[in-house]
Amino acid sequence: MREEIAELEAVARRLEPDASERSRLQSQVAAYAEAYLAGIDDAPARSPRPDGGRGLYDSPVTEEGIDIREALALLHDNVDTVGLNPPSGRYLGYIPGGGVYPAALGDYLAAVTNRYTGIYYANPGAVRMENMLLRWMAGVVGYPEDAAGHLSSGGSMANLTAIVTARDAHGIVGDVIPRAVVYMTEHAHHSIKKALHIAGVDQAVHRTVPVDERYRMDAAALDAAITRDQEAGLQPWLIIAAAGTTNTGSVDPLADIRQIATSHGVWFHVDGAYGAFFALCPEGKAVLRGMGESDSIIMDPHKTLFLPYGTGAVLVRNRRDLFASYDVEADYMQDARGSYEEVSPADISPELSRHFRGLRMWLPLKLAGVRPFRAALSEKIQLARYFHREIQRIDGFEVGPHPDLSVVIYRYRPSRGDADEFNRRLIRRIQDEGRIFVSSTRIDGRFMLRLAVSCFRTHLGDIDETLAVLKRTAREMEG
Ligand SMILES: *Cc1c(COP(=O)(O)O)cnc(C)c1O
């Protein structure tokens, strides 16, 4: 028996490379990362490749391994040179973020040391680090220090966490569901609808609140709708407001909505996935007034705190509400039970074992300090305002409202033919060229182009180049 085990051990030990092998692996990986970053200023923002990385299938997972160089070549050819390139400063579609470098080092250390961050008992320091970051975020958005929350995988999971909490806090179960009413605008992110579905409250009444000319929730219309629903015997339950919509970056009138929610006893949730971190800079803080008075809020450090994908956050004002929805006991967890001064993520979220997300956030914030983040956010807002001003100066382009944050909507008005069709072709041409990446949306039934400035690498030169590409492409098409 011992012999057999020893034979297995000899093979199993290959899972632990020795120091010299580790150093070889690391230098290969570091060289790969350096080459990627050295090329980022010139790399396309999109590489449309018809094979779509299919080459990976030529190298299936097999009994014996391959060399790191071969693995990195597969990664390069099939993943890192195909599709969208969100770390590029000329990536201006959807909601960019970028991924600051020290976050990658934080991830590396988190994976090497593999601390267990689900419960305080397992690693008090890791839990303290994340809770400290959550208290810092609470300060940024204007929440009280004793609000509770956790770092999630992203905004969608954070919205789901908050919506389940709001459901339980207001007893939205059984017969109550079809009488409960949810209020949001047509610009609410689709993860909200997904969350309502997963939370089992699809059957609740959905009210689409009208927006004003800047695509912000019409507070008077919200108030009137809630009053009507109350009079009709329904149960107004949840208002979902946006601190920056994905479509246009518009910020709903949060302070007014707070008053309406309070006067009718409705839960007030703020989706700040894209916009909440703009509270770090003066331009954003002014626009986001009232955000800190909501009952729950989400924000995405992987968007406007420029961290790599897989980092969201949720905060709930009254920590008891979060515990009520997520704190469940199990016998095999009995050693970990006890009353501690810090909340454990597992007690207030759907997750148990989880990535140590705090380290990828803590390291960049500690190394750089907050100042460069604050400056970058101001810069993004000002770049969006600059684009909004400059694109109007190019013959044929028309714009949407002055941006609340860093999203601009605009389009080209062709001298002849259908404008929707022209803009659809315009964007396809630019996306296929790939030098810059901008995306499109549909607003009031019209095909509109969007520019979202929120990658930390996007600077004045990138916006000037984007303006030039838009001008040249429109001219060529007018031909
Ligand atoms: C991006 C976004 C979400 C979804 O967040 P993910 O991190 O992509 O899951 C939700 N709401 C808004 C306003 C967003 O911009």
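We number each residue from 1, following the sequence as shown. We count ligands from 1, going down the list as the structure has it; atoms in each ligand are counted the same way.
The nearest protein atom to atom 11 (N) of ligand 1, hydrogens excluded, is given as Asp271 OD2, 2.7 Å; this is a heavy-atom distance. The closest protein non-hydrogen atom to atom 4 (C) of ligand 1 is His189 CE1, 3.4 Å. The shortest contact between atom 6 (P) of ligand 1 and any protein heavy atom is with Gly155 N, 3.3 Å.
Inspection of the Tyr326 and Asp168 side chains reveals no N or O donor paired with an N or O acceptor under 3.5 Å. For the residue pair Ser439/Arg450, the side-chain donor-acceptor check at 3.5 Å is satisfied.
Listed by number with element, the atoms of ligand 1 under 4.0 angstrom from any heavy atom of Tyr274 are 15 (O). Atoms of ligand 1 lying under 4.0 Å from any heavy atom of Gly244, numbered from 1 in the order shown and given with element: 13 (C). Listed by number with element, the atoms of ligand 1 under 4.0 Å from a non-hydrogen atom of Gly154 are 7 (O). When each atom of ligand 1 is checked for a heavy atom of Ala273 under 4.0 Å away, the hits are 2 (C), 3 (C), 10 (C), 11 (N), 12 (C), 14 (C). Remark: ligand 1 atoms within the under-4.0 Å shell around heavy atoms of Ser191 are 10 (C). Proximity to Asp300 (heavy-atom distance under 4.0 Å) selects the following atoms of ligand 1: 5 (O), 6 (P), 7 (O).
Evaluated for a ring-ring contact (aromatic ring centres under 6.0 Å, His included) with His302, the options Tyr309, Tyr274, Phe277 yield exactly one hit, Tyr309. Remark: of the listed residues Val438, Thr441, Ile430, Leu426, Leu426 is the sole one forming a side chain to side chain contact (heavy atoms under 4.5 Å, CB included) with Leu449.
Closest heavy-atom approach to atom 15 (O) of ligand 1 within the set His190, Lys303, Met299: this belongs to Lys303.
For the pair Asp146 and Arg319, the salt-bridge criterion is not met [side-chain N within less than 4.0 Å of a carboxylate O]. The pair Arg135-Glu342 counts as a salt bridge, with a side-chain nitrogen and a carboxylate oxygen less than 4.0 angstrom apart.
Note: Phe437 and Tyr94 meet the aromatic proximity criterion, with ring centroids under 6.0 Å apart.
At a 4.0 Å cut-off, not a single heavy atom of Met157 sits close enough to ligand 1 to count as contact.
Note on ring orientation: taking the six-membered ring where Trp is involved, the planes of Tyr215 and His187 are perpendicular (angle over 60°, cut-offs 30° and 60°).
If you look at Ser156 next to ligand 1, the close heavy atoms, those under 4.0 Å, come from the backbone and the side chain alike.
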